[in-house]
Amino acid sequence: FFPDVGATHKLSRLSIGGIEVGRYICLTSTKLNADDACDLGICTHFISSSDLLQVIEKIKTTKIVSNESIQEILLKLESPRKKMSSNIVKNMETIKYCFSPSSVEEIIESLDNL
């Protein structure tokens, strides 16, 4: 996993978890599930794969006049989230502590001191 410039920009500015969680994701190559993405503010809506074609069709057949038109469609068709136990949220305090140093060497030292 090599985060590209867009991902590293977004991950360094997470509204929930901040730069420490972004560092954790990048340095550990942690894979995010849908709940992680929603809980960390990476996505705005959760659409299950079984509903995706319906959303695409609705967008195709609706006269889109603004971003609000798309937001309305997504809000109407978004799927209820099944809580998948998010290790990031469960371990937020430890992640923020261990990944707050600005150098990799200091992060490794924090992890060794757990």
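All of these numbers come straight from a predicted model, not from anything done at the bench.
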Spatial distance of atom CD1 (Ile64) from atom OG (Ser69) [nearest 0.5 Å]: 5.0 Å
Check: Thr94 main-chain N/O paired with Asn91 side-chain donor or acceptor under 3.5 Å: no
For Glu109, side-chain hydrogen bond (donor to acceptor under 3.5 Å, both in side chains) partners two or more places apart: none
Minimum side-chain heavy-atom gap Phe99-Val21 below 4.5 Å: no
From CG (Leu14) to CD1 (Ile25), nearest 0.5 Å: 5.5 Å
ILVMFWY network linking Leu111 to Tyr97, side-chain heavy atoms under 4.5 angstrom: no
Where at least one partner belongs to residues 50-77, residue pairs that pass salt bridge (Lys or Arg N to Asp or Glu O under 4.0 Å), sequence neighbours excluded: none
Shared hydrophobic cluster for Ile70 and Val55 (ILVMFWY, side-chain gaps under 4.5 Å): yes
Approximate separation, where rounding is to 0.5 Å, of Tyr24 OH and Ser29 OG: 10.5 Å
Expected output: side-chain Asn113 to main-chain Ser110 donor-acceptor under 3.5 Å: no
Contacts of Ile16 that satisfy side chain to side chain contact (heavy atoms under 4.5 Å, CB included) - sequence neighbours left out: Leu40, Met92
Spatial distance of atom CD1 (Ile73) from atom CD (Gln54) [nearest 0.5 Å]: 11.0 Å
Closest non-hydrogen atom pair between Thr30 and Thr28, with its separation: OG1-OG1, 2.5 Å
Side chain Thr62, main chain Ile59, donor-acceptor under 3.5 Å: no
Check: Gly17 main-chain N/O paired with Lys96 side-chain donor or acceptor under 3.5 Å: yes
Partner residues of Cys38 under the side chain to side chain contact (heavy atoms under 4.5 Å, CB included) criterion, sequence neighbours left out: Cys43, Phe46, Arg81
Close side-chain approach of Ile88 to Leu32, heavy-atom, < 4.5 Å: yes
Separation between CG of Asn33 and CG of Asp36, rounded to the nearest 0.5 Å: 4.0 Å
Connected-component partners of Ile19 among ILVMFWY, side-chain separation under 4.5 Å: none
Considering all heavy atoms, the nearest Thr44-Glu78 contact: O-OE1, 4.3 Å
Approximate separation, where rounding is to 0.5 Å, of His45 NE2 and Leu75 CG: 4.0 Å
Shortest non-hydrogen contact from Pro101 toward Cys98: CD-O, 3.3 Å
Shortest non-hydrogen contact between Ile107 and Arg23, atoms and distance: CD1-CD, 4.0 Å
Ser50: partners by side-chain hydrogen bond (donor to acceptor under 3.5 Å, both in side chains), with sequence neighbours left out: Ser48
